[in-house]
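Structure first, commentary second.
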Amino acid sequence: MTGEYNPAAIREKWQAYWDQHKTFRTANPGDAGFDAARPKCYILDFFPYPSGAGLHVGHPEGYTATDILARYKRMKGFNVLHTMGWDAFGLPAEQHALETGQHPAVTTTNNINTFRRQLKMLGFSYDWDRELSTTDADYYKWTQWIFLQIYNSWFDDTQEKARPITELPIPADVKSRGEKAVREFVDSHRLAYLAEVPVNWCPALGTVLANEEVTNEGKSERGNHPVFKRPLKQWMLRITKYADRLADELEELHWPEAVKLMQRNWIGRSEGAQVRFKLDGHAEELEIFTTRPDTLFGATYMVLAPEHPLVAKITTPGQRSAVTAYCEAAINRSELARTAETKEKSGVFTGAYAINPVNNERIPVWVADYVLIGYGTGAIMAVPAHDERDFEFAMQFGLPIRCVVLPPDRSYIDANHTQQVGWSSRYDELRDAGAEYKEAKQQVYDEMFDVRLIKAFCDEGMAINSRPATLDRLLPSLNINGKKTPAAKDQVIRALERRGLGTRTINYKIRDWLFSRQRYWGEPFPILHGPDGEVVALDESELPLTLPEISDYHPTVTHEGNEEVPAPPLGRATEWVTVTRGGKSYRRELNTMPQWAGSCWYYLRFCDPKNAMRFVGKEAERYWMLSKKKDGTYHVGGIDLYLGGAEHAVLHLLYARFWHKVLYDLGHVSTIEPFGRLFNQGMIRAFAYRDSRGIPTGYEDIDFREDGAIHKATGEKLHASVEKMSKSLKNVINPEQVVNEYGADSLRLYEMFMGPLEASKPWNPRDVPGVFRFLQRVWRLLVDETTGGLSSYISANEPHPPVEESHGRPSGPPDALERLLHKTIKKVGEDIERLAFNTAISTMMEFVNEAYRAKSIRKDQAERFVLVLSAFAPFIAEELWQRVRGPAWKTSIAYEQWPAFDPKLVEDDEVEIPVQVNGKLAGRLVVSKSAPQDAVQTAAMGDPKVAEKLGGKPVVKAIYVPGRMLNLVVKG
RNA sequence: GCCGAAGUGGCGGAAUGGCAUACGCGCCGGUUUCAAAAACCGGUUCCCGCAAGGGAAUGGGGGUUCGAGUCCCCCCUUCGGCACCA
């Protein structure tokens, strides 16, 4: 190797070195070389789906950030667990198989090899011995095992936790009905259960689509073919039982508030009441859920979802044909199509009437598709005055709108039609007439307010018009007039409960998790179906249940009457499918698990990836997952940093938390949460250049001139905009190309230098040379380019301190550069801890600029600087370290100690401070930090510029922040 | 529509309530060179001015404060999430 900075040669040399020496192999408790005295740090990236396209510049953004932190923590003496693996089951490989016939396993292996090669180029300090793929039978054996744990559990509502199914108490009456009844009872309590659920069947593509693959018009995203809902038996996981814990236990986590909020919204806990309405002329009652029981007096009609079972029963003959037509149309429209059309409400009157339990009013019952069957009871009481949807519907169909909550401001009220809102004058009138304070107040509230609203008022306010007409007979305690919303709610609920008309209830938006896919490339379920519909789980000893080979990855189709009924492709593996046991013939479950399954627990397997006896060894799990807080108590979640894109803010993180909690309840893991600290990196976007017709142009066809981007061939000036990278916009940046041009260290540095990690930011190819230049400057500061020896900047006359003193502690006299180095070490360390890598890099740049200005740097200073740099740019740092240390030096820089700084050298005693007059800058002053205020003030007044600004007026007040600024306040 | 994040030079961005524009890109000038590139040194928010200097500016408007890019209220724009969840 010559003296010039040659990133490619350096990269190859050190990549091979790290591989050969297994530099980043991490020992587990009990392994040789494990040092129990060191604290642990588990730093994890969202592992990638190894797509055929290879690495994208978005991947190395997060991976570089975690790598810097991992390297820093290692140098700070931590045992660092930093790992990488592959979320390799999933759709694209299967689709590729459908198109080419190539086995998904082959595609997957190839893609993984590409990803691994590309990641290794970037110098990430992963322990590659822990690499895993969700598609390895050794791995998915345990995914299946966890499924069995879930299947073999039930949720004990009193203890609020999962327990083994064997501990489920069987009621005597169930027992008495025989074995089948017991089995059904048990099955209906399992955390994994079978249910009939509609799936998206696309006959033209011959496949079942995920909801995301279906357009709003109910067509397939690929090909625009029609998609039909077909009910299929599906595995469901009872995540709803964990709704409260999933919401409440977010509290303690060090996560972005936005993500916590998104999860809470997804869970959608809402408190309210279930209320039963009698139906006029029917024995059945209509049960509804409402979060605003205080508005019960404002209910002017009821609405049933089209799928509601009561619709058929209560519809009067006169309305029957209209209602039937409406319901059929609504049910056949996809859910997406139904919710997409938010513009106009639709609905039909059933002809039936319900009785409002609080005032005996007879109100019409409608059917409308704005009420969803899946939420609450699938029926509502409509309070148009205080619900926007009901308001809109009532306006459209001319239904009455009765205001029962007085809005605190007039913007809601139609002044032309409102007679009585001047209630304070009415109060005075009553008091003048001799009424007691309380009486007068109540009298005002009890008088009917004729308030006409111009829009729905949905916030809290004061209840009005809310008293039964005949107080005594119905609900004597139910006059809520004058009550504020929360108190009114509470009073209504308690009154309803006393009368047996309703109950306090909590509802959630979150649904049970649809856990099966009609796909080939996923984990097979360890489940057998018996001849009489009995479901049997495989024994743990029969795992893994491996995927059989099949030649055609399309689903199979059977016909039931005119209808096509799809079945998963695994049905083609006829030998695999049938299992004989105890003389009985069983069929294997043909569905496979969704891609989420494998990613739900990989962080646990990384703790102990080779364990053949358990999904993770107990000791390894405890060591890596239990994090102590500063106060000695344990953190609720074990992973010290989990970093990835915001696109997984809800589902992946929620599903993984759910599995983790089940495993915790069953005693398999030691923390209630998996990810103590979460961080989302921002998206990297890129400039796209379009011509006047809007057609994108690739960078290679553009001439970047000072006056703008010009199309090379046509000479047309192109319009630039920042967009998500995509093939069609021709703005995709390939990281491998950047590595070839500038080296891996430059790529890493640029990714971090672009801006704050969490911000979305544009990739600008013109900025990459900037960080490359910085690395070259570092190189030339230390290395003589012609000889390859140490540069002339490195002062030779200084004695070279012994190894153990040269880093890890300050040495040498505190000259200006030494002071700056201490500041740099402090600032970079702090910035790494708060993941502010962009400012850390600026700080290093400033140090190098200053060293050039000084034209000299001591060898020990150079060494300490290289240590700091090594977390960011490990290849160049290894090489420089070796060169500075001399040819005898043979070990990696990765386990050297992070240099220390002296707090005394970080603080300057002489500082320049601004002097302000009335808050405006008037001048600057160099002062000693310890100088008393009056000395500083006297010096400031002596400054001619300051004196001029003061204009001879007396200083009425002076604010001095020692060492920061002085502000002189004068009158006028 | 609702919820969340963000708006600072030509560009990416920096700034515990205390000198706005660090660092980098680009641009301008200088050194070096036969010349160019590279490298090194210096300059570069905008407006007026030859200059010294002066004025304005952190999306817009108001407020709190000795002092606001930062805190509070209203509005505008962009991005992200949810989308009839009663």
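By convention in this document, chain letters (A, B, ...) are assigned in the order of the sequence lines, proteins followed by strands, and residues within each chain are numbered from 1.
- Look at the C1' atom in both B:U16 and B:A68: the space between them is 15 Å, to the nearest Å.
- Distance, A:L820 CG to B:C23 P: 12 Å, rounded to whole Å.
- Within the 4.0 Å cut-off from OP1 or OP2 of B:G80, not a single side-chain nitrogen or oxygen of A:N680 is found.
- Remark: A:R780 is in phosphate contact with B:C40, judged by side-chain N or O atoms under 4.0 Å from OP1 or OP2.
- Checking B:C40, B:C84, B:A86 against every side-chain atom of A:K345, the shortest atom distance belongs to B:C84.
- When the nucleotides B:A56, B:G4, B:G81 are ranked by their closest atom to the side chain of A:L261, B:G4 comes out on top.
- Counting to the nearest Å, the C1' atom of B:C82 and the CZ atom of A:R264 are 16 Å from each other.
- Listed candidates were B:A56, B:A86, B:G18. Nearest to the side chain of A:N967 is B:G18.
- Judged by a 6.0 Å distance limit and a 45° cone about the ring axis, A:K345 is not positioned over the six-membered ring of A:F393.
- Close to B:G26, at under 4.0 Å from its OP1 or OP2, lies a side-chain N or O of A:R773.
- Counting only N and O atoms by type, the side chains of A:S270 and A:N507 include no donor and acceptor under 3.5 Å apart.
- Nearest-nucleotide positions on RNA chain B for A:G919 and A:P769 put A:P769 closer to the 5' end.
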Query raised in the report: When every nucleotide of nucleotides 5-13 of chain B is labelled 5' to 3' by its protein contacts under 4.0 Å (heavy atoms), B for base, S for sugar-phosphate only, - for none, what sequence of letters results?
Result: -------BS
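- As judged by a 4.0 angstrom heavy-atom cut-off over every strand, A:D390 is placed among residues making no nucleic acid contact.
- The backbone N or O of A:A247 sits nowhere less than 3.5 Å from a side-chain atom of A:Q263 that would complete a donor-acceptor pair.
- Minimum atom distance to the side chain of A:E388 is reached by B:G1, of the listed B:A22, B:A56, B:G1.
- Between the CH2 atom of A:W255 and the C1' atom of B:G4 there is a distance of 16 Å, rounded to whole Å.
- Rounded to a whole angstrom, the distance from the P atom of B:G59 to that of B:C11 is 13 Å.
- Note on A:Y508: nothing from the nucleic acid sits closer than 4.0 angstrom, heavy atoms only.
- For A:I841 and B:A14, the CD1 to C1' distance is 14 Å, given to the nearest whole Å.
- Residue contacts for A:E912: at a heavy-atom cut-off of 4.0 Å it reaches a base atom on one of the strands shown.
- The pairing partner recorded for B:U33 is none, the criterion being a Watson-Crick or G-U wobble arrangement whose two distances lie under 3.5 angstrom.
- Although no hydrogens or angles enter the test, the distance criterion places a donor-acceptor pair under 3.5 Å between the side chain of A:R748 and the main chain of A:F872.
- When each of A:N265 and A:D387 is assigned the nucleotide of RNA chain B with its nearest heavy atom, A:N265 is the one assigned upstream, toward the 5' end.
- The aromatic rings of A:Y750 and A:W763 sit perpendicular to each other, their planes meeting at more than 60°, with 30° as the lower class boundary.
- Among the heavy atoms of the strands lying under 4.0 Å from A:S270 are primed sugar atoms or P, OP1, OP2 only; no base atom is included.
- Side chain of A:H386 to backbone of A:C458: no donor-acceptor contact under 3.5 angstrom is found.
- For the C1' atoms, the distance linking B:G18 with B:G69 amounts to 13 Å, nearest Å.
- For B:G67, the OP1/OP2 oxygens have no side-chain nitrogen or oxygen of A:R964 closer than 4.0 Å.
- For A:E846, the side chain to side chain donor-acceptor pair (under 3.5 Å) criterion is met by no residue, not counting sequence neighbours.
- Taking the side chain of A:D369 as heavy atoms from C-beta on, and the options B:C40, B:C84, B:A15, the nearest nucleotide is B:C84.
- A gap of 9 Å separates the C1' atoms of B:G10 and B:C27, to the nearest Å.
- Interatomic distance, CG of A:L921 versus CE of A:M965, reported as 10.0 Å (0.5 Å rounding).
- For the pair A:L921 CG and B:G53 P, the computed distance is 13 Å after rounding to whole Å.
- Side-chain proximity of A:V961 to the nucleotides B:G18, B:C79, B:C41 is greatest for B:G18.
- Nearest to the side-chain atoms of A:I959 among the listed nucleotides B:A86, B:C84, B:C66 stands B:C66.
- Ranking B:A86, B:A39, B:C82 by closeness to the A:W266 side chain, first place goes to B:C82.
- In this structure, B:G13 is classed as anti because its glycosidic torsion departs from zero by more than 90°.
- As a whole-Å value, the separation of A:I288 CD1 from B:C84 P is 20 Å.
- For B:C41, one of the phosphate oxygens OP1 or OP2 lies less than 4.0 angstrom from a side-chain nitrogen or oxygen of A:R777.
- Taking only side-chain atoms of A:M845, from C-beta outward, the nucleotide of B:G24, B:A86, B:C25 with the closest atom is B:G24.
- Atoms CG (A:L925) and C1' (B:G18) sit 15 Å apart, rounded to a whole Å.
- A 4.5 Å side-chain heavy-atom check between A:S346 and A:Y326 finds at least one atom pair inside the cut-off.
- Aromatic pair A:Y699/A:F687: centroids not less than 6.0 angstrom apart.
- Between the C1' atoms of B:U64 and B:C72, the separation comes to 7 Å (whole Å).
- One atom, CG of A:D459, and another, C1' of B:C2, lie 12 Å apart when rounded to the nearest Å.
- The side chain of A:V371 sits closest to B:A86 out of B:C23, B:C66, B:A86.
- Across all strands, A:Q916 comes closer than 4.0 Å to base atoms (heavy-atom distances).
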